[in-house]
Peer 1: 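Can you keep this structure in mind? I'll have questions shortly.
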Amino acid sequence: MEATHYDDISICVPKNQLDKLINGVLRNKYRIFWGFNKGKMILNIYNSEVNNKLIFIRHKGFLELVEAKLKSPNVLKVLDSDIDFTVKVASKNNEIKRNREAVYCEIDHFLIELAYYLKIEDEKSINNIKDKLAELTHEWNRLAL
């Protein structure tokens with residue numbers, strides 16, 4: 001498996017799911033090592049061939065998975081069976097896509113209004129729409145990252 005990096009995720013992992021995850025990777029002949037860096041907890045899941053990393057932020061009662069660097073399909077299978085990893089990552093990506101589509105539609109709508117107010121030379125409305133388009137463009141660019 002080619003290395004896959006998920007860096008913009010937010011998956012709540014309660015203690016019982018974390019226990020299942022750890023037991024699952026141990027059953028698949030992997031070793032684990034916990035590391036800590038700048039307030040983040042790093043779970044290294046490795047064997048003699050590959051090293052996978054799961055990066056968590058600790059909250060009271062659960063860990064939040066915020067980044068994953070996966071190189072092994074077996075580790076991905078364990079993540080899928082214990083925390084529905086692929087489903088949650090795909091749903092986050094669809095949510096971002098829907099948001100980008102909504103912003104795009106809103107930009108389109110304001111461009112049509114801008115054309116109308118330019119035609120009738122309503123300066124106040126033109127300036128308001130330009131301000132709104134600037135905000136939407138900023139939001140669009142933020143979502144594109």
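Counting begins at 1 with the first residue of the sequence.
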Peer 1: In Å, rounded to the nearest 0.5 Å, how long is the span from CG of N141 to CG of L136?
Peer 2: 11.0 Å
Peer 1: Please report the closest heavy-atom contact between L26 and R31, naming both atoms and the distance.
Peer 2: CD2-CA, 4.4 Å
Peer 1: When rounded to the nearest 0.5 angstrom, what is the spacing between CD in E67 and CD1 in I57?
Peer 2: 10.0 Å
Peer 1: Please, which pairs that meet side-chain hydrogen bond (donor to acceptor under 3.5 Å, both in side chains) have at least one residue in residues 103-112, sequence neighbours excluded?
Peer 2: H109-E113
Peer 1: Quick one, L70 and L79 - any side-chain contact, counting heavy atoms below 4.5 Å?
Peer 2: yes
Peer 1: When rounded to the nearest 0.5 angstrom, what is the spacing between NZ in K40 and CG in N37?
Peer 2: 8.5 Å
Peer 1: Applying the 4.5 Å side-chain criterion to the ILVMFWY set and letting contacts propagate, would I11 and I22 be lumped into a single cluster?
Peer 2: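 They do share one cluster, since a chain of ILVMFWY contacts under 4.5 Å joins I11 to I22.
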Peer 1: With side-chain hydrogen bond (donor to acceptor under 3.5 Å, both in side chains) as the rule and sequence neighbours excluded, what pairs involving residues 12-30 come up?
Peer 2: K15-D19, Y30-S72
Peer 1: Once you round to the nearest 0.5 Å, how far does CG of L43 lie from CZ of F33?
Peer 2: 10.5 Å
Peer 1: Establish whether V89 and V75 are linked, either directly or via other cluster members, by ILVMFWY side-chain heavy-atom contacts under 4.5 Å.
Peer 2: yes
Peer 1: Among all residues two or more places apart in sequence or in another chain, which pass the side-chain contact (heavy atoms from CB on, under 4.5 Å) test with R58?
Peer 2: M41, L63
Peer 1: Report the residues that fulfil side-chain contact (heavy atoms from CB on, under 4.5 Å) with K53, sequence neighbours left out, ordered by chain and then residue number.
Peer 2: I42, N44, N51, K69
Peer 1: Testing L54, L65, V13, D82 for side-chain contact (heavy atoms from CB on, under 4.5 Å) with L18, which one passes?
Peer 2: V13
Peer 1: Taking only residues two or more places apart in sequence or in another chain, which ones pass side-chain contact (heavy atoms from CB on, under 4.5 Å) with L118?
Peer 2: L114, I126
Peer 1: Among residues at least two apart in sequence or on other chains, which ones pass side chain to side chain donor-acceptor pair (under 3.5 Å) with S125?
Peer 2: D122
Peer 1: To the nearest 0.5 angstrom, please state how far the SG atom of C12 sits from the CZ atom of F56.
Peer 2: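 If we round to the nearest 0.5 Å, C12:SG and F56:CZ are 10.5 Å apart.
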Peer 1: Are W34 and I83 connected into the same hydrophobic cluster when the rule is that any two of I, L, V, M, F, W, Y join if their side-chain heavy atoms are below 4.5 Å apart?
Peer 2: yes
Peer 1: Are more than 12 heavy atoms from other residues, nucleotides or ligands located less than 6.0 Å from atom NZ of K77?
Peer 2: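 No, not enclosed.
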Peer 1: Who are the side chain to side chain donor-acceptor pair (under 3.5 Å) partners of D80, not counting sequence neighbours?
Peer 2: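 Here the qualifying residues are T86.
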Peer 1: Run through the side-chain heavy atoms of Ile, Leu, Val, Met, Phe, Trp and Tyr, join any pair under 4.5 Å, and report what else lands in I112's cluster.
Peer 2: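 Once heavy-atom contacts under 4.5 Å are chained together, I112 still belongs with nothing else.
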Peer 1: In chain order, what residues pass the side chain to side chain donor-acceptor pair (under 3.5 Å) check against S10, with sequence neighbours excluded?
Peer 2: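 Once residues adjacent in sequence are excluded, the partners of S10 under the side chain to side chain donor-acceptor pair (under 3.5 Å) criterion are E64.
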Peer 1: Look at the side-chain heavy atoms of Ile, Leu, Val, Met, Phe, Trp and Tyr, link any pair under 4.5 Å apart, and say whether L21 and V87 land in one connected group.
Peer 2: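 They do not share one cluster, since no chain of ILVMFWY contacts under 4.5 Å joins L21 to V87.
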Peer 1: Given the rule that I, L, V, M, F, W and Y join up when any side-chain heavy atoms are under 4.5 Å apart, are L111 and V103 in one cluster?
Peer 2: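 Yes.
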Peer 1: Return each pair, listed once, that meets ring-ring contact (aromatic ring centres under 6.0 Å, His included) where at least one residue sits in residues 60-89; pairs must be two or more places apart or across chains.
Peer 2: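 Applying ring-ring contact (aromatic ring centres under 6.0 Å, His included) to every pair that reaches into residues 60-89, excluding sequence neighbours, yields Y6-F85, H59-F62.
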Peer 1: Taking atom NZ of K88 and atom CD1 of I9, what is their separation to the nearest 0.5 Å?
Peer 2: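 These two atoms lie 10.5 Å from each other.
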